[in-house]
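Here's the structure, in structure tokens; my notes come after.
Small disclaimer: the values here were computed from a predicted structure and weren't measured.
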Amino acid sequence: MPRILIVEDEAIIRSALKRLLERHDYTVSEAGSAEEACQLEPKGFDLIISDLRLPGEPGTSLIAAAAPVPVLIMTSYASMRSAVEALKQGAVDYVAKPFDHAELLETVERILHKQSMQQSPPPDITDAGGSRQTMIGNCEAMQLVYTRIRKTAPADVTVLILGESGTGKELVARAIHQQSKRAKAPLISVNCAAIPETLIESELFGHEKGAFTGASAARTGLVEAADGGTLFLDEIGELPLDAQARLLRVLQEGEIRKIGSVETRHVNVRLIAATHRDLRALSKTGEFRLDLYYRLNVMQIELPPLREREDDVLEIADILLDKACKRHERTGLRLSRAARQDLRDYPWPGNVRELENALERGVILAEGHLIHPDDLGLAPITARSHAPTNNNSVAAVSTDKIAEENEDDLSLEDYFQHFVLEHQDQMSETELAQKLGISRKNLWERRQRLGIPRKKTARRPD
């Protein structure tokens, strides 16, 4: 239960606020001044709500004293000056008195939620080769994933991981296993789409000698091999209906029976399943058992596609590039500015796996110390084919590369500014973007960043 400290010199307001928060399951302490609050060890709270004007030190003095605990400032002087000043000093937010109860509660909940997500660092994972790695990404969607992993891992419940192919579902499964109570037991990973339908039941549940043609010896199934540990079934949407029925019995009764056997065995397995398909939709068409879906969907973790993780793309690219350089013994290679921009703008339908392949190509094909967009091999997929391939376009790309390789003489930003100012009177925004090899959105963003206004004279008459 979150602990909140209220710092307010007016007893009526303080007690009313305390009652309001306690009704919503918060544990609340009170103080009448900043000095009194400091005696209560403010770093031990989850949130401090303080009036701006207090006897003695102002409420903003608690920002440094309580760091990293967030401080929400209350003020009767709802001017932009006092609010901005409090935010500049590090307050997480401010509310104006008299405040609306619903608005205050919503603000408190938002701050505490954000705080709890920031307390979930990317988990460390030991990969199949035994090396240690950390999950990469700090965007809000990934922070939610880390929080789910941290809370779900010790709970020993079935987990369903959703996400497009190549988003790292197996990494999440490995992180859950390694942070669970079963960490010392085996993690058995199975790709259901990679096993022929005729063999999947034998692979998962095992078989007795002579159970079918070719069964020359008894075989222990992967479910039994995971006994005491975790079974990860990737692409579970591809599992045949007969195998789904057997798996349902494992989840309901903890029992398995080998093919060709009359003997039932008990197993203690935690199941983590993953899919890029909509299992509920598949259940409506009869391709997936609805009762199995409900058994799987106890806890759900959804991985965002790479195209929704703009701030993480380049961080992931730098780490993957470093690994590719070591594999191919090409130390010192780096991405050109244009290549970095392409990586950021590209929609990545294949997600992290496609990014890794592109960087591998770049390391192999790069001739100098820079990896250029052409080396990455992304152009055929990015729908840039509408860009005219006339001499002006080629000249723009060539000049772009010259700008990168002679950064001391002309930076990429200088070239961009020069090109736009020189051609915007004769070209539309679409033509400018095409000549520069970027999207219209990217052109607008660069205009804003460099302070280049769009001239109205650039619009052509109908």
Side-chain angles (χ1 to χ4, degrees), residues 1-124 138 140 142-144 146-155 179:
M1 190 178 294
R3 297 182 65 222
I4 299 176
L5 173 61
I6 300 171
V7 187
E8 167 65 66
D9 58 322
E10 294 188 39
I12 296 176
I13 296 177
R14 193 170 65 234
S15 59
L17 185 53
K18 181 181 180 182
R19 286 195 303 272
L20 173 67
L21 293 170
E22 285 180 337
R23 283 201 304 271
H24 289 81
D25 298 326
Y26 296 111
T27 301
V28 182
S29 299
E30 303 174 66
S33 66
E35 290 79 6
E36 190 179 330
C38 288
Q39 294 173 7
L40 298 176
E41 298 183 2
K43 290 180 184 286
F45 291 88
D46 297 297
L47 173 65
I48 295 172
I49 304 176
S50 175
D51 192 16
L52 179 62
R53 294 178 179 269
L54 295 168
E57 293 290 325
T60 49
S61 66
L62 292 168
I63 295 169
V69 177
V71 177
L72 174 64
I73 292 294
M74 300 182 292
T75 176
S76 300
Y77 307 87
S79 67
M80 281 302 295
R81 181 177 298 177
S82 63
V84 169
E85 190 58 36
L87 295 174
K88 279 183 180 177
Q89 292 182 50
V92 68
D93 207 339
Y94 82 98
V95 289
K97 294 191 292 187
F99 43 75
D100 177 75
H101 286 187
E103 185 179 349
L104 176 69
L105 289 168
E106 184 181 334
T107 302
V108 168
E109 185 179 350
R110 173 174 49 80
I111 293 169
L112 290 172
H113 177 66
K114 187 175 181 181
Q115 188 75 355
S116 70
M117 292 213 312
Q118 290 173 345
Q119 292 169 356
S120 296
D124 288 337
N138 294 300
E140 190 173 337
M142 288 306 294
Q143 288 292 335
L144 181 57
Y146 302 150
T147 301
R148 285 287 177 92
I149 291 172
R150 176 174 58 83
K151 291 182 177 180
T152 302
Q179 293 185 27

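- Counting only distance, with no hydrogens or angles, the side chain of D46 and the backbone of R3 share a donor-acceptor pair below 3.5 Å.
- The side-chain contact (heavy atoms from CB on, under 4.5 Å) test applied to L105 returns L20, L21, H24, not counting sequence neighbours.
- Between Q89 atom CD and T60 atom OG1 the span is 4.0 Å, to the nearest 0.5 Å.
- Under the rule for a side-chain hydrogen bond (donor to acceptor under 3.5 Å, both in side chains), the partners of D93 that lie at least two apart in sequence or sit in another chain are R110.
- Heavy atoms only, all atoms of each residue included: R150 and P154 are closest at O-CD, 3.3 Å.
- In this view, E35 and S33, E57 satisfy the side-chain contact (heavy atoms from CB on, under 4.5 Å) rule, not counting sequence neighbours.
- Side-chain contact between L52 and Y94 is absent, with no heavy-atom pair separated by less than 4.5 Å.
- Scanning all heavy atoms of the two residues, the minimum distance from I63 to A86 falls at CD1-O, 4.0 Å.
- Taken from CD1 in I73 to CG in D51, the straight-line distance is 8.0 Å, to the nearest 0.5 Å.
- When the side-chain contact (heavy atoms from CB on, under 4.5 Å) test is applied to P70, the partners found at least two apart in sequence or on another chain are L47, V92, I111, Q115.
- Residues A66 and I48 come closest through the heavy atom pair CB-CD1, 3.3 Å.
- Residue E22 holds its CD atom at 10.0 Å from CD1 of I4, rounded to the nearest 0.5 Å.
- In the displayed structure, K43 atom NZ is contacted under 6.0 Å by more than 12 heavy atoms of other residues, nucleotides or ligands.
- The stretch residues 9-18 participates, sequence neighbours left out, in these side chain to side chain donor-acceptor pair (under 3.5 Å) pairs: R14-E30, K18-E30.
- Minimum interatomic distance between A34 and S61 (heavy atoms only, all atoms of both residues): CB-OG, 3.6 Å.
- Taken to the nearest 0.5 Å, the CE atom of M142 stands 7.0 Å off from the CD1 atom of I149.
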Next on the checklist: Run I6 and I13 through side chain to side chain contact (heavy atoms under 4.5 Å, CB included) and show every step you take.
Outcome noted: CA-CA 10 Å; I6 300 171; I13 296 177; over 6 Å; no

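- No more than 12 heavy-atom neighbours from other residues, nucleotides or ligands sit within 6.0 angstrom of CD on E106.
- Annotation: side-chain contact (heavy atoms from CB on, under 4.5 Å) contacts of A37 (sequence neighbours excluded): L5, V7, A31, L62.
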